[in-house]
Every structure is written in structure tokens, then in C-alpha cells.
J.: 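Right, I'll just put the structure down here and ask away after.
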Amino acid sequence: MNLLQQQRQHVFNQIEQVCQRVNRTAASVQLLAVSKTHPSSTLREMYTAGQRSFGENYLQEALAKIDELQDLEIEWHFIGHVQRNKTKHLAEKFDWVHGVDRFIIAERLSNQRLEGQPPLNICIQVNIDGQDSKDGCQPDEVAELVQQISQLPNVRLRGLMVIPAPENHAAFADAKILFEQVQSQHVRPEDWDTLSMGMSADLEAAIAAGSTMVRVGTALFGERDYSAKS
Ligand SMILES: *Cc1c(COP(=O)(O)O)cnc(C)c1O
């Protein structure tokens with residue numbers, strides 16, 4: 001096994017162990033490979049190791065990789081901050097957008113999805129632990145957003161995404177409660193199946209609390225070198 005294969009196997013082992021401990025099946029947790037700052041050649045290598053879904057944060061960087069890796073069957077997730085004037089590219093080029101925190105963003109994504117494309121999968125990002133950051137809606141706004149967004153024709157509202165402060169594992173339990181509470185607001189409650197939480201440092205706590213998708217960068221690819229970014 002090469003290094004990337006080993007690191008991926010190690011993350012799978014971690015997922016499996018925690019799932020066993022909390023009585024979940026390992027298949028109930030998806031591994032999203034967060035590949036920001038890494039070159040296309042590295043993604044290609046990770047694809048060869050069996051990885052199919054990749055998460056990117058920066059639009060220009062992501063668009064270049066999507067173009068360079070057209071020949072692969074990758075499921076592309078945008079996990080960065082969504083700017084209102086960037087929704088067109090997101091709607092056309094990605095399979096998932098995790099950072100939707102306002103109705104207007106979801107509405108634009110739905111309007112800008114191309115004819116013939118399947119609905120765009122989206123998650124509502126919630127500021128679950130009251131951080132100062134401007135990303136994510138407030139927990140008490142989620143029910144109404146679910147009700148509104150789930151009526152849009154060209155997006156499929158799948159669940160919630162949270163990024164709690166480091167070490168704040170209690171926030172994962174709060175996210176799980178909210179995730180279950182608001183399902184009944186959804187026009188198609190069966191679509192509501194994704195709780196996107198947990199990164200390299202806290203994926204075990206997130207899975208124990210009910211995460212269905214962990215977004216893992218460093219543990220899969222090694223440390224990021226932001227200075228190398230063009
Ligand atoms: C970068 C990033 C990750 C991955 O973080 P690691 O600590 O490298 O696993 C996950 N989610 C989001 C939103 C990110 O920006």
C-alpha cells in the first residue's frame with residue numbers, strides 16, 4: 001500500500017471502531033475526502049485508492065480540478081463559504097453544496113441548476129454553538145429554512161452541516177437533536193438523511209453523536225501547505 005492508501009485505510013479503521021462501539025454500521029457513515037490545497041494528481045491517486053467523493057472550499061481552485069479530472073467519476077462537494085455571486089458555478093459544477101445558510105442562496109442554486117441535471121444536493125449550515133463567525137444560520141432559523149428550501153424544484157435538501165469550535169463535542173449532540181427535530185418540516189422527509197459533521201481531529205466524537213458524513217482532510221492527505229497555493 002502507498003501512503004495515501006494507508007492513510008485512507010487508517011481513517012476507515014477509525015470509523016469502523018467507533019461504529020462498533022456505538023452500535024452503528026460502518027456503512028452508515030460516508031467519508032468525504034477534503035482535498036483543498038492538494039493538486040489534481042493527488043486527488044487522482046486517492047481516486048485510484050477507491051475514493052469517489054471529494055470536498056473543496058475554494059471555488060477557483062475547485063473549478064480547475066473539476067476540469068482536470070473530468071475523466072473520473074467524482075462526486076464533488078462544495079464545503080466552503082457560499083457567496084451569493086458565486087452560486088452559478090456551484091449550481092452547474094457540483095453535486096453537493098454544504099454551506100447553505102440563507103433561503104436566497106438555495107433559491108439561486110435551484111434556479112441556476114441546468115436543465116437535465118439531477119437536483120443539486122444541499123445541506124443547511126448551522127452555527128450550532130454560537131460562534132462569532134458569520135457562517136451558518138442560527139439554530140432557531142432552521143425549521144423555517146427547511147420548510148422553504150424543501151419546496152424548491154432543483155435542489156434536494158439532505159440535512160445539516162456544522163463546524164463546532166474545536167473540542168466542543170457537546171455541540172455534535174445539539175446538532176443531532178436539531179437534525180431530528182426539523183425533519184417533519186421537510187416537504188419530502190425521506191430526503192432528510194445527512195448530518196455532515198466531524199473532521200480529522202473530532203470524527204470519532206461526531207460519529208458517536210450521529211454524524212452520517214465526516215469531512216476529512218489532514219488525516220487522509222497530510223498537512224496542508226497553503227503557501228503552495230497559486
Ligand atoms: C478543511 C475542512 C475540513 C477538513 O479538515 P481537516 O481537519 O483537515 O480534516 C472539513 N470541513 C470543512 C468545512 C473544512 O473547511
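Every number for a ligand or one of its atoms is a count from 1 in the order of the listing. Values below: all heavy atoms of this structure, side chains included; hydrogens, waters and symmetry mates excluded.
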J.: For residues 164-174, dump all side-chain donor-acceptor pairs below 3.5 Å to protein atoms at least two apart in sequence or in another chain.
T.:
{"from": "N168", "atom 1": "OD1", "to": "A171", "atom 2": "N", "distance (Å)": "3.4"}
{"from": "N168", "atom 1": "ND2", "to": "D129", "atom 2": "OD2", "distance (Å)": "3.0"}

J.: Classify the angle between the aromatic ring planes of W76 and F94 as parallel (below 30°), tilted (30 to 60°) or perpendicular (above 60°).
T.: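 Perpendicular: the ring planes of W76 and F94 meet at over 60°.
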
J.: Heavy-atom contacts with ligand 1 below 4.0 Å: which residues, ordered by chain and residue number?
T.: V34, K36, N57, I79, I163, M199, S200, R215, V216, G217, T218, R224

J.: I'd like to check the salt bridge (charged side-chain N to carboxylate O under 4.0 Å, His left out) partners of K88; sequence neighbours left out, ordered by chain and number.
T.: E92

J.: Residues two or more places apart in sequence or in another chain: which of them pass salt bridge (charged side-chain N to carboxylate O under 4.0 Å, His left out) with R8?
T.: none

J.: Check the pair C137 / I124 against side chain to side chain contact (heavy atoms under 4.5 Å, CB included), numbers first and verdict last.
T.: CA-CA 8 Å; C137 69; I124 295 173; 3.8 Å; yes

J.: Do we see a donor-acceptor contact under 3.5 Å between the side chains of N13 and Q17?
T.: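 Per modelled atom types, N13 and Q17 side chains form no pair under 3.5 Å.
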
